[in-house]
Structures are given as structure tokens and as C-alpha cells.
2 protein chains.
Amino acid sequence: MNLKELAKHLNLSQTTVSRALNGYPEVNKATRLRVEVAAREFNYTPNARAKGLATGRSMSIGHVIPTSSKREMVNPVFGDFITGASEAYVQAGYDLVLTLVEDGDEERLYRNIRDKGNVDGIIVHSPQMDDSRIALLLDLGLPFVVHGRASDITANYSWVDMNNRGAFRRATGFLAELGHRRIALVNGLEHMDFAYRRRDGYLAALEAHGLKVDPALLRAGEMTEMLGHASAQEMLALPDPPTAFLSSSMMTAIGLRRAIQEAGLQMGRDVSVITHDDELAYLKNGQTVPIFTATRSSVRAAGRRAADMLLRLIADPGCGPLHSLLEAELILGESTGPVPVARPEKTYRQGQT
Amino acid sequence: MNLKELAKHLNLSQTTVSRALNGYPEVNKATRLRVEVAAREFNYTPNARAKGLATGRSMSIGHVIPTSSKREMVNPVFGDFITGASEAYVQAGYDLVLTLVEDGDEERLYRNIRDKGNVDGIIVHSPQMDDSRIALLLDLGLPFVVHGRASDITANYSWVDMNNRGAFRRATGFLAELGHRRIALVNGLEHMDFAYRRRDGYLAALEAHGLKVDPALLRAGEMTEMLGHASAQEMLALPDPPTAFLSSSMMTAIGLRRAIQEAGLQMGRDVSVITHDDELAYLKNGQTVPIFTATRSSVRAAGRRAADMLLRLIADPGCGPLHSLLEAELILGESTGPVPVARPEKTYRQGQT
DNA sequence: TTGAAAGCGCTACCAC
DNA sequence: GTGGTAGCGCTTTCAA
């Protein structure tokens with residue numbers, strides 16, 4: 001059933017029915033009620049394409065995820081991010097359009113996304129440090145929010161990010177305070193902004209604790225189980241092996257733990273591991289003390305926030321670039337209870353530059 | 001730039017320009033060339049909504065993922081599935097619309113999806129054994145392909161599934177052949193079809209090897225690290241603990257391995273683990289022998305296949321329900337080399353019922 | 001408070 | 001080969 005038929009059935013004009021259904025004030029109360037009842041009765045659902053054509057808005061948001069042989073496959077945390085974003089979209093009546101893109105030809109791709117017109121704005125995933133997409137999107141005038149930041153870009157754009165630097169600084173600090181002197185980092189590809197920041201936090205903590213950096217204890221690559229395994233295996237074979245590992249991903253950590261086990265070492269006794277993507281981690285202190293890193297729910301909160309931000313940007317383009325830095329929970333203690341939700345550290349507006 | 005403007009610029013009618021751009025045969029070769037050049041020059045991209053309104057097709061596919069507090073969060077393998085599906089969509093010029101839905105009110109929801117008209121078909125994720133959505137969708141006449149099956153449903157519908165039963169039968173068999181008599185299964189929620197089938201395969205293998213089923217070695221729940229940890233902890237405290245574990249998910253396996261380690265046992269020596277979602281698993285035989293379970297790439301292949309299937313169903317609705325069962329790689333051996341891609345076991349058409 | 005009619009940008013039918 | 005024109009289903013002036 002479409003609007004025309006519904007109107008005919010009610011002996012009303014399309015105009016009135018449309019107005020009644022879209023909450024315009026000038027409709028007679030009784031008329032509106034009649035229309036609403038009939039709409040429900042006939043399961044009337046407006047055609048989104050037609051509505052979009054008429055209003056100029058598509059009521060959907062694009063999520064653009066770069067993939068290529070050189071980058072990682074779709075990151076597992078993406079599911080959590082989307083879950084959070086989706087909440088906002090459902091409430092606001094928006095749809096989510098997912099676009100996986102091989103890198104290369106960004107110019108044409110993003111222009112097409114805009115001109116095709118089936119999204120009102122996009123969320124940009126996996127920014128690199130010098131991500132060229134930001135300038136491009138600013139130029140195209142398509143509203144967007146970046147999930148993460150691009151450290152080498154000076155332009156002012158909207159983003160939502162986890163405090164990666166802070167999380168890794170603290171995690172490294174924990175290990176140092178427990179007496180570890182040889183702390184390894186198995187990171188993601190370091191042209192990715194999140195990985196750069198994590199490394200930065202790691203280095204800062206080493207320096208703060210008077211530990212010197214050993215390049216042999218640093219590894220970066222696609223965050224696979226294989227990377228974790230190979231890295232740990234090689235490092236543990238060093239004359240002066242690490243006694244603790246920081247891992248940037250759950251996947252990497254799985255391989256890393258396997259290598260530790262294969263080396264005949266025991267987690268939490270001989271060697272400690274803290275994983276970023278993981279819900280639980282280990283510290284060396286005789287018996288295992290988990291560090292609770294609530295990354296999954298934090299990422300979900302980030303998704304929610306990014307979506308809210310973008311919707312606001314679309315509704316009120318003048319509200320200027322928005323930023324939000326979320327603090328990931330990182331709790332020393334028992335591994336019980338529900339996962340706490342990340343709290344925003346700060347959110348602020350800023351005038352357009 | 002839109003069609004009208006482009007046509008005016010070229011001193012041609014919209015009709016001709018449209019025909020030239022859409023590959024209709026009756027266009028003069030020279031004209032077509034002129035049009036194509038101009039289109040590229042002005043970065044002309046047809047408006048998808050207008051095109052959709054005119055053609056009646058939206059050129060996008062919906063992926064519907066149920067979520068609720070009672071079910072698991074978005075499964076990590078979903079990213080791989082989407083990656084595969086996306087390849088097909090890009091080639092065919094389709095977009096991917098992602099819809100996360102809380103369960104309840106399926107009736108209204110799926111009807112809305114159809115009537116809203118911004119997808120031409122959907123992929124149904126996470127089917128339960130008696131999933132009510134299948135009858136509903138069949139009734140609604142919206143083309144769909146299920147990722148997985150619904151064992152309790154007798155209707156004939158299109159699906160793509162991994163051979164979960166076979167994979168768990170084989171995995172259990174490996175362990176039994178290595179001499180394990182007490183093999184535990186930590187499964188997903190067993191009203192989910194994949195979990196039911198995995199359990200079924202596990203039970204079949206036990207029976208084939210003359211091992212008896214011990215309910216104390218069976219656990220099912222949301223596939224979290226906590227489930228894995230709690231399950232393994234309790235089982236290892238039994239008077240007659242298991243010497244091997246099968247885990248339905250990477251997340252569960254992480255917790256499970258932690259419990260093993262906390263119990264002072266050593267993986268691959270005291271106890272063996274095979275994880276489904278994982279790339280590597282362990283067998284007990286003096287030294288560690290990994291089982292390479294190429295689930296990630298297998299799932300990606302499944303996504304690709306499901307998408308191809310749905311596109312075909314949309315193009316030719318008469319081609320009848322299609323089915324495809326994919327075999328997950330499960331290789332005893334070294335953990336090196338690239339991940340092999342799943343081969344289809346069988347694909348066949350079938351007349352409409 | 002209601003309705004007629006003009007688009008939104010495109011395709012597709014029919015005439016030339 | 002090419003062009004005029006009537007929709008696709010909705011919103012939104014403008015009049016009444």
C-alpha cells in the first residue's frame with residue numbers, strides 16, 4: 001500500500017495524509033487519528049527511495065572500511081563499534097550502509113559516494129597517520145566523523161577516538177612498577193594512527209620509568225596470530241629476553257601466548273602479557289592477577305558516540321567539528337562482573353576553521 | 001551535475017544520454033563516445049535514489065543480524081563473512097545495508113524492510129533451529145539467503161552453511177585417535193543452529209569411537225572468555241577431568257586456556273585444545289602439533305557465495321532455492337603458509353516447492 | 001484545515 | 001538513432 005492508495009481509501013489528499021503521518025501541526029486532530037489508524041491497519045510504510053528523492057536526504061549513514069592485502073582484514077572490534085553506532089541509527093530512523101574499499105583511487109570513490117547520494121554522511125574507519133581522505137572529504141563537503149585520528153593532518157575535522165596512547169602508557173607503567181625491565185611491544189602496522197599512538201604511549205612510559213628502549217623488543221605488523229607467535233618466539237630466544245609483553249590485538253596475543261607456552265614458560269609466573277583487545281590479561285606476581293581491559297564495551301560506546309556526533313553534524317552543519325576522546329577501562333583486579341562502559345574524557349565543540 | 005544538465009550541455013535529450021550511459025544498443029557509436037567522455041569529464045554519477053525509484057530496484061542488499069542481551073554480541077567471524085560478500089556486491093554494483101535488530105516483533109520488522117524498499121534482498125544471519133523468520137520471509141516474498149540453516153524448519157529456502165557437524169566430528173575424532181577418553185565441549189548457545197550441529201558432530205564422533213557422553217563435560221552459553229574460563233575451571237576440578245577441549249569460539253578458547261594455565265597444566269602436554277574460530281589448535285602428542293583450522297578464510301568464502309547466490313536469486317527468481325555447504329579446512333600439520341580457501345562440497349539448484 | 005500541482009532525477013514507453 | 005513525455009512515490013509550495 002502506498003500513499004496514493006491510502007489517501008484514496010481515506011477520501012483525503014496525499015498531502016493531508018503525508019502531513020498527518022509526518023507530524024505536521026496543521027492537521028485536524030480527528031483526521032490525524034483516522035490516518036494513523038488506517039496506516040497501521042494497512043501496514044503502510046513509506047517508500048524510502050521516494051521519500052529520499054523528495055526530501056533530498058537518504059536517511060542513511062555510510063561506514064567506509066579500507067581493506068587491502070597490505071592492511072589487516074576487518075578488525076574484530078569493528079563489530080562492537082557498529083553495534084554502538086547502530087543504536088543511534090535505529091533511534092533516529094537511519095540505515096547503515098557498509099562499504100569495504102580497497103585503497104587506491106580514493107578521489108573517485110568518495111566523490112561517487114557523495115554524488116550517488118545514498119548516504120547523508122559517513123564514518124571513516126582505520127585512519128592512517130597522514131590519511132589523505134580527510135582533506136578530500138573536507139573538500140567534498142560530505143559530513144563525516146573519523147573513528148580515530150590522523151596525527152599528521154592539521155586540518156580540523158570531527159573524530160571519536162579511544163585514548164590509545166594513555167592506555168598503553170598505563171599498561172606499560174603497570175608492568176614497570178611490577179619490576180619488569182624488559183617489556184616487549186607487539187603492535188599493529190605503525191602507519192595506522194592507533195598503532196603509532198600506542199607505541200608512543202609505550203615509549204613514554206618506558207622513559208618515565210627510566211627504562212631504555214630496545215628495538216629488538218618492538219615489533220609491528222598485521223595483527224595476526226602468526227605475527228604474535230613469530231615475534232614472541234624470536235624475542236624469547238634473545239640472550240636477554242623480555243619478561244613481559246604488550247599486545248595490540250587479541251589475535252596477536254593468541255599467537256604470543258602460544259609461543260610462550262611452547263618455550264616452556266608459564267604465563268603470569270615467568271612472563272606477563274597485557275592485551276589491548278582482550279578482556280583479560282595477566283601480570284606477573286606469583287599468582288595471576290588479571291587486568292581487565294574493557295575494550296569491547298569501550299569500542300561500542302565509541303561507535304555510539306561517533307554516530308550521535310555525525311547525526312548532529314548532519315542536522316546542524318554549523319555546529320562545527322566535534323571531537324571526543326574516550327578512556328578505555330583498564331582495571332587491575334578480579335575478572336568478574338559486567339563490562340563497564342567507557343566514559344568520555346571530554347567532548348567539545350569548536351568553530352569552523 | 002545531473003542527467004538533465006549533462007544532456008543540455010551535450011545538446012542531447014536525457015533519454016539518449018541515459019541510454020548511452022546504460023549500454024543500450026541503439027545508440028550511435030560516436031554519440032555514445034561523446035556522452036561517455038563528457039560524463040567522465042564532469043564526474044557525472046547518477047543519483048541512486050532517483051534511479052531506484054525509476055527502476056524499482058534499490059541495488060542494495062540487506063544483512064540482518066539479530067542481537068539481544070540474550071544472544072551474543074556481533075560474532076567476530078561476521079567481519080570475514082561481510083568481506084567475502086562485499087566482493088560480490090562491488091562487482092555487481094550493489095550496496096550493503098547492515099541492520100542490527102533486537103529480536104521480538106520480527107513480523108513488523110521484516111515487513112518494513114520489504115516495504116521500505118531500500119534493499120532488493122537480504123542475508124539472514126544467526127538462524128536458530130526453529131527460526132521463525134524463514135517462514136515469514138518466504139511469505140513476504142522478499143528474496144533471501146540464510147547464512148546457516150534452521151534444522152527444525154522443513155520449508156525449502158536458500159542457504160549457505162559451513163559444515164559444522166563435519167568439522168566437529170573430525171576434530172573430536174582427531175582427539176579420540178590420539179587416545180583421549182575424556183573430551184569436553186564448550187559450545188555456543190544450543191538453540192543456535194550452528195551450535196546444535198557442532199554438538200551433534202561431537203556426539204557422533206564420541207559414539208563412533210565408543211566413548212560415552214558425560215554431561216559434565218558439556219557446556220553451552222554465550223561465547224565469551226568468561227564462559228570458557230568458568231567451564232574449564234569447573235571441569236578441571238572434577239574427580240575425572242577432561243584431557244582435551246573443543247571450543248566453539250576463539251573468545252571462549254582464550255578463557256579456557258587461561259583456566260588450564262591457572263590449574264598448573266600445560267597445553268599440549270597435559271591437555272589438548274581445538275578451537276573452531278581459531279587459526280591454530282593443539283594436540284597432545286609429546287610435542288605440540290597444531291591443527292590449522294582455516295575458519296576465517298572459509299567464512300569469507302561463505303560470504304562470497306551467499307552474496308552470489310542472492311544476486312542470482314534476485315536476477316532470476318525462478319532459479320529456485322539454492323543451497324551450498326562449505327567444508328572448513330582442518331589440517332593437521334605446521335602452522336605456516338597462507339590460509340587455504342574453503343572449497344564448496346556441493347551446490348545445487350532445486351525446483352521451487 | 002485541506003487540496004492541487006509542481007517537482008526530486010531518473011528510466012522506459014512510444015512516436016518520429 | 002533520437003527525442004518527447006509519463007511516470008516511480010513522496011514532499012512541499014501555493015491557493016483555497
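As the structure is a prediction and not an experimental result, all values here were calculated from the model. Labels below follow one simple rule: chain letters A, B, ... track the order of the sequence lines, proteins then strands, and each chain is numbered from 1.
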* Asked: Just how far, in rounded Å, is P of dT11(C) from NZ of K51(B)?
  -> 5 Å
* So, is Y44(B) near the phosphate of dC10(C), with a side-chain N or O under 4.0 Å from OP1 or OP2? -> yes
* **Pair R312(B) + D308(B): basic N to acidic O under 4.0 Å** => no
* Between dA6(D) (P) and L53(B) (CG): distance, integer Å -> 18 Å
* Along DNA chain D (nearest heavy atom to each residue), the more 5'-positioned of T45(A) and E26(B) -> E26(B)
* Asked: Does the ring center of Y44(A) lie less than 6.0 Å from the ring center of H9(A)?
  -> no
* Looking only at atom types and distance, does a side-chain atom of T99(A) sit under 3.5 Å from a main-chain N or O of D95(B), one as donor and one as acceptor? -> no
* Contact class for T15(B) vs. all strands (heavy atom < 4.0 Å): base, sugar-phosphate, or nothing? -> base
* To do: Could you check which of dC10(C), dA4(C), dT2(D) has an atom nearest any side-chain atom of A50(B)?
  => dC10(C)
* Asked: Within this structure, what is the CG-to-C1' distance between N2(A) and dC8(D), rounded to whole angstrom?
  -> 10 Å
* Within the structure shown, what part of the strands sits under 4.0 Å from R19(B) by heavy-atom distance: base, sugar-phosphate, or nothing? -> base
* May I ask you to verify if any side-chain N or O of T16(B) is less than 4.0 angstrom from the OP1 or OP2 atom of dG3(D)? => yes
* Expressed in angstrom and rounded to an integer, what is the separation of K4(A) atom NZ from dA4(C) atom C1'? -> 13 Å
* Are any of N47(A)'s side-chain N or O atoms less than 4.0 Å away from OP1 or OP2 of dC8(D)? -> no
* Where does the angle between the aromatic ring planes of Y94(B) and Y89(B) fall among parallel (under 30°), tilted (30 to 60°) and perpendicular (over 60°)? -> tilted
* Taking all non-hydrogen atoms of both residues, which atom of I122(A) and which atom of I61(A) are closest, and how far apart? -> CA-CG2, 4.5 Å
* Rounded interatomic separation in angstrom, taking CG from L3(A) and P from dG7(D) -> 17 Å
* Asked: Reckon Y24(A) has a side-chain N or O less than 4.0 Å from the OP1 or OP2 of dT1(C)?
  -> no
* Asked: To the nearest angstrom, how far is L21(A) atom CG from dT2(C) atom P?
  -> 14 Å
* **Phosphate contact (dT2(D) OP1 or OP2) by T31(B) side-chain N/O below 4.0 Å** => yes
* To do: Send over the distance from N22(B) CG to dG9(C) P, rounded to a whole Å.
  => 17 Å
* Asked: Looking only at side-chain N and O atoms, does S18(B) come under 4.0 Å of OP1 or OP2 in dT11(C)?
  -> yes
* **Atom-to-atom span, CG of N11(A) to P of dG3(C) - whole angstrom** => 9 Å
